[in-house]
Amino acid sequence: MNERVKLEPSWKERIGTYLDRPDMRSLSDFLREEKRQGKVIFPPGPDIFAAFDHTPFDNVRVVILGQDPYHGPGQAHGLCFSVQPGVRVPPSLDNIFKEIHRDLGIQRPGHGCLTAWADRGVLLLNAVLTVEQANANAHQGKGWEGFTDAAIEALNREREGLVFMLWGSYAQKKGQLIDTRRHLVLKSVHPSPLSAHRGFLGSGHFSKANDYLMSHGQEPIDWSLPPLPLS
């Protein structure tokens, strides 16, 4: 799988060899077979590793962990919680925008494309990097989890002073990989409409992240988004 994957160089240096493992070869075979059967896979192939492309290893300052990509047409483009320009903002992302407005006074943007965050050092990483159309969680347990664990372990080991935002039980399980003496881990329920009112809204995670970054001599994240998403 490694020779066919165009992984951003700083990430390839650290986790590229993981792609040579038997479980990743099995994942590659699984994805090829799914496509052979005519199943539609999201995000499109060139976007599967977009989180790494937009946020090189040394640029990461905040990590937001998602579960798996959106499974509707035209939504997923490789950044967790983000949707393509022109696509309706999903409910969980709408709650994220509500909390940013409550926490920092930043107005809700007119779109749901979070590329600007990724380019500013927010790694928007799903635990599972692909999904079948209209079949949420279809690719869980196929091998992606180990690969994204390797990415988190590399950040935990080689970097200091990062902020990890873990929303919901699924993301919090990944939190077991993070040394809380070296990094800030912020936990809450998921921003989904089913749970956001039970602790996500009012959590203050965005101001807490910036306070922590500044206390460690780093620039705060600009959580605003351009009126029209960057190309």
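Note that the structure is predicted; figures quoted are calculated from it, not measured. We count residues from 1, following the sequence as given.
The cluster map of Ile, Leu, Val, Met, Phe, Trp and Tyr, joined by side-chain heavy atoms under 4.5 Å apart, puts Phe49 and Phe30 in the same cluster. In this structure, Leu129 is a member of the same hydrophobic cluster as Phe57, with clusters built from ILVMFWY side-chain heavy atoms closer than 4.5 Å.
For the atom pair NE2 (His205) and CH2 (Trp223), the distance works out to 11.0 Å, reported to the nearest 0.5 Å. Here NE2 of His183 is found 8.5 Å from CZ of Arg159. Values are rounded to the nearest 0.5 Å. Note: Ile48 CD1 to Asp53 CG = 11.0 Å, rounded to the nearest 0.5 Å. For the atom pair CZ of Arg32 and CD of Gln37, the computed distance is 13.5 Å after rounding to the nearest 0.5 Å. Between atom NE2 of residue His139 and atom CG of residue Leu31 there is a gap of 6.0 Å, rounded to the nearest 0.5 Å. Residue Ile15 holds its CD1 atom at 5.5 Å from CG of Leu7, rounded to the nearest 0.5 Å.
Under a 3.5 Å cut-off, the side chain of Gln218 and the backbone N or O of Gly161 do form a donor-acceptor pair. With hydrogens and angles disregarded, a donor-acceptor distance shorter than 3.5 Å links the side chain of Gln172 to the backbone of Ser188. For Asn126 (side chain) and Gln67 (main-chain N/O), a donor-acceptor pair under 3.5 Å exists by modelled atom type. At least one donor-acceptor pair closer than 3.5 Å links the side chain of Lys174 to the backbone N or O of Glu145. At distances below 3.5 Å, not a single donor-acceptor pair connects side-chain atoms of Ser28 with backbone N or O atoms of Arg25. Under the 3.5 Å distance criterion, the side-chain polar atoms of Asp103 are matched with a main-chain donor or acceptor of Ser207. Trp11 places a side-chain N or O within donor-acceptor distance of the main-chain N or O of Thr55, the cut-off being under 3.5 Å. In this structure, Arg61 contributes its side chain and Glu219 its backbone to a donor-acceptor pair below 3.5 Å.
Under the 4.5 Å side-chain criterion, counting only non-hydrogen atoms from C-beta, Gln140 is in contact with Tyr170. Put simply, the side chain of Leu125 does not reach to within 4.5 Å of the side chain of Ile64, judged on heavy atoms. Side-chain contact check for Leu166 versus Leu186: every heavy-atom pair is 4.5 Å or farther apart. Counting heavy atoms from C-beta on, the side chains of Val189 and Trp167 never come closer than 4.5 Å.
Of all heavy-atom pairs spanning Met165 and Ala209, the tightest one is CE-CB, 3.6 Å. For the residue pair His71 and Ala136, the shortest heavy atom distance occurs at CD2-CB, 3.5 Å. The heavy-atom pair separating Val128 from Pro69 by the smallest distance is O-CD, 3.2 Å. Nearest approach of Ala51 to Leu124, heavy atoms of both residues: CB-O, 3.3 Å. What you find for Ser92 and Ser192 is that their closest heavy atoms are OG-CA, 3.3 Å. Among all heavy-atom pairs drawn from Pro56 and Glu8, the shortest one is CB-OE2, 3.7 Å.
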(message) Before you tell me yes or no, could you show the steps for Leu27 and Phe147 under side chain to side chain contact (heavy atoms under 4.5 Å, CB included), namely the whole-Å CA-CA distance, both residues' side-chain angles and the distance that decides it to 0.1 Å?
(response) CA-CA 11 Å; Leu27 170 63; Phe147 177 72; over 6 Å; no
(message) Could you go through Glu99 and Ile96, starting from their C-alpha distance and side-chain angles, then the distance that decides it, and tell me whether this counts as side chain to side chain contact (heavy atoms under 4.5 Å, CB included)?
(response) CA-CA 5 Å; Glu99 176 57 16; Ile96 291 170; 6.0 Å; no
(request) Given side chain to side chain contact (heavy atoms under 4.5 Å, CB included), test Phe164 with Val62 step by step and report yes or no. (result) CA-CA 6 Å; Phe164 291 83; Val62 174; over 6 Å; no
(message) Checking Val122 against Val63 for the side chain to side chain contact (heavy atoms under 4.5 Å, CB included) test, could you report, in this order, the C-alpha distance in whole Å, the side-chain angles of both residues, the deciding distance, and whether it holds?
(response) CA-CA 6 Å; Val122 182; Val63 180; over 6 Å; no
(request) For His54 and Trp117, run side-chain hydrogen bond (donor to acceptor under 3.5 Å, both in side chains): C-alpha distance rounded to whole Å, both residues' side-chain angles, the deciding distance at 0.1 Å, then the answer. (result) CA-CA 9 Å; His54 282 280; Trp117 289 0; over 6 Å; no
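Using a 4.0 Å cut-off between charged nitrogen and carboxylate oxygen, Arg108 and Asp94 count as a salt-bridge pair. A salt bridge is absent between Lys208 and Asp211: the closest approach of a Lys/Arg side-chain nitrogen to an acidic carboxylate oxygen does not fall below 4.0 angstrom.
Looking only at atom types and distance, the side chain of Lys187 has no donor-acceptor partner in the side chain of Ser203 under 3.5 Å away. At a cut-off of 3.5 Å, with distance as the only test, no side-chain donor of Glu153 or Asn156 sits close to an acceptor on the other residue. Using modelled atom types and a 3.5 Å distance limit, the side chains of His190 and Ser195 yield no donor-acceptor pair. Under 3.5 Å, the side chains of Arg14 and Ser10 contain no donor-acceptor pair of N or O atoms.
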Table please: side-chain donor-acceptor pairs of residues 80-90 below 3.5 Å, with sequence neighbours left out.
residue: Ser82; atom: OG; partner: His77; partner atom: NE2; Å: 2.7
residue: Ser82; atom: OG; partner: Gly112; partner atom: O; Å: 3.4
residue: Ser82; atom: OG; partner: Leu114; partner atom: N; Å: 2.8

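Taking the six-membered ring for Trp and the full ring otherwise, His101 and Phe97 have centroids separated by 6.0 Å or more. If you look at Trp144 and Tyr18, their ring centroids are not closer than 6.0 Å.
Through side-chain heavy atoms spaced under 4.5 Å, either directly or across other Ile, Leu, Val, Met, Phe, Trp or Tyr residues, Val131 is tied to Val40, Phe42.
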